[in-house]
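As structure tokens, the structure follows; a few thoughts come after it.
Everything quoted here is computed from the prediction, not taken from an experiment.
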Amino acid sequence: MIVGGLTFPDAQFVPVLQSVTNAALALPCAAAKPALLILTSARAASALPPLENTSNVLCTYVVGEATASAVRQLYDDRVELRGADCGTAAALVSAVCDDLDEWKATTERPIDVYFVCGAKRMPTVEKQLGQHPRVSLHIHEAYTTTSVTELPPLECADDAWLVFFSPSGVNTVATLLDISADNSKYRFAALGPTSEKALLEKIGRCDAVAKKPTPEQVLKAIMEV
């Protein structure tokens, strides 16, 4: 693995979730119904409609550079992306709300916002946008995830770091390895606050948290411990 120009030959990637993509998102095609898209994970990009069916999409909001990269691979630079520098769903929702005045001129009715997400998710977007008077929120569950039933041997030193990218990953590993703060030989890092919360709840400890959801920020947080 290479992060920030540094090589980590002993890094081990362990898939802990399996995902199944659901039907692709179908957007209203009428130009009279402008819309915004919200994605909080790269997996959700697999359900986005073809570019020719997105003429009414004013902007696509994404959390983090990984999600932005997944959308760019599909649409190149032909759609406007915002939010790649947002580290959390809460920060992204705040950015959407700040932009509502900009989109107000495009429609007299509440603007359609399509949240493309997984079946398992935090309720942040629904809570903050679901009741907003200027937003008509539509939830599209793009994929479902299930936990693996067994893990390969972890080939690492006793003081190795386990890095988690999602709360589901924390839950799976804590269950299959029977890890707790009292019996663990590992140290734990989280990609963001939701994974940090899961670590604290399931394992009882989180030793490092990335300030933004990127590999570089995870590495920086680990090296600062």
In residues 196-204, what donor-acceptor pairs under 3.5 Å come from side-chain atoms, sequence neighbours left out?
none

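- Counting heavy atoms of neighbouring residues, nucleotides and ligands inside a 6.0 Å radius, atom NZ of Lys120 exceeds 12 of them.
- Proximity of a side-chain donor or acceptor of Asn56 to a complementary backbone N or O of Ala35 within less than 3.5 Å is not detected.
- Under the 4.5 Å side-chain criterion, counting only non-hydrogen atoms from C-beta, Glu65 is not in contact with Lys212.
- Listed for the Thr54 side chain is no donor-acceptor partner under 3.5 Å among the backbone atoms of Val57.
- The main-chain N or O of Ser168 is found under 3.5 Å from a side-chain atom of Thr172 such that the two form a donor-acceptor pair.
- Here Ile38 contributes atom CD1 and His140 contributes atom NE2; the two are 14.5 Å apart, rounded to the nearest 0.5 Å.
- Within the model, atoms CG of Leu176 and CD of Glu150 stand 9.0 Å from one another, a figure rounded to the nearest 0.5 Å.
- Cluster membership for Val96 and Leu137, using ILVMFWY side-chain heavy atoms within less than 4.5 angstrom, is shared.
- A continuous path of Ile, Leu, Val, Met, Phe, Trp and Tyr side chains, each step under 4.5 Å between heavy atoms, connects Val62 with Leu74, placing both in one hydrophobic cluster.
- Without hydrogens or angle criteria, Thr175 side chain to Asn171 main chain gives a donor-acceptor distance under 3.5 Å.
- Between Arg72 and Val79, every side-chain heavy-atom pair lies at or beyond the 4.5 Å cut-off.
- Around atom CD of Gln131, no more than 12 heavy atoms belonging to other residues, nucleotides or ligands sit under 6.0 Å away.
- Under the 4.5 Å side-chain criterion, counting only non-hydrogen atoms from C-beta, Leu48 is in contact with Leu39.
- Atom-to-atom distance recorded for Leu92:CG and Cys97:SG is 9.5 Å, nearest 0.5 angstrom.
- Residues Pro34 and Leu58 have side chains in contact (heavy-atom distance under 4.5 Å, counting atoms from C-beta outward).
- Hydrophobic clustering places Val16 together with Tyr186 (ILVMFWY residues linked when any side-chain heavy atoms are closer than 4.5 Å, directly or through intermediates).
- To the nearest 0.5 angstrom, Ser136 atom OG is 7.5 Å from Tyr114 atom OH.
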Apply side chain to side chain contact (heavy atoms under 4.5 Å, CB included) to the pair Arg187 and Ile222, showing each step before the final yes or no. CA-CA 10 Å; Arg187 290 179 287 178; Ile222 289 174; over 6 Å; no
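- The backbone N or O of Phe188 lies less than 3.5 Å from a partner atom in the side chain of Asp207, making a donor-acceptor pair.
- Around CG of Asp77, the count of heavy atoms belonging to other residues, nucleotides or ligands within 6.0 Å does not exceed 12.
- In terms of hydrophobic clustering, with Ile, Leu, Val, Met, Phe, Trp and Tyr side chains grouped at heavy-atom distances under 4.5 Å, Trp103 and Val125 are assigned to a common cluster.
- Contact check for Cys117 versus Ile139: side-chain heavy atoms found under the 4.5 Å cut-off.
- Taken from CG in Leu37 to NE2 in His138, the straight-line distance is 11.0 Å, to the nearest 0.5 Å.
- Closest approach of Cys86 to Val63, counting heavy atoms only: O-CG1, 3.7 Å.
- Look at Arg82 and Glu102 and you find a salt bridge, because one of the NZ, NE, NH1 or NH2 atoms lies within 4.0 Å of a carboxylate O, short of that distance.
- Between Phe115 and Leu129, the closest side-chain pair of non-hydrogen atoms is not below 4.5 Å.
- In this structure, Leu36 and Ile111 have side chains that are in contact, with non-hydrogen atoms separated by less than 4.5 Å.
- With hydrophobic clusters built from ILVMFWY side chains whose heavy atoms lie under 4.5 angstrom apart, Val209 does not share a cluster with Met223.
- Between atom CZ of residue Arg43 and atom OG1 of residue Thr67 there is a gap of 10.5 Å, rounded to the nearest 0.5 Å.
- In this structure, Ala47 and Val116 approach most closely via the heavy-atom pair CB-CG1, 4.3 Å.
- Applying the ring pair (Phe, Tyr, Trp, His ring centres under 6.0 Å) test to residues at least two apart or on different chains, none of the pairs has a partner in residues 37-86.
- When all heavy atoms are compared, the tightest approach of Ser195 to Leu191 is CB-N, 4.3 Å.
- With a 4.5 Å cut-off on side-chain heavy atoms, Phe165 and Pro213 do not count as touching.
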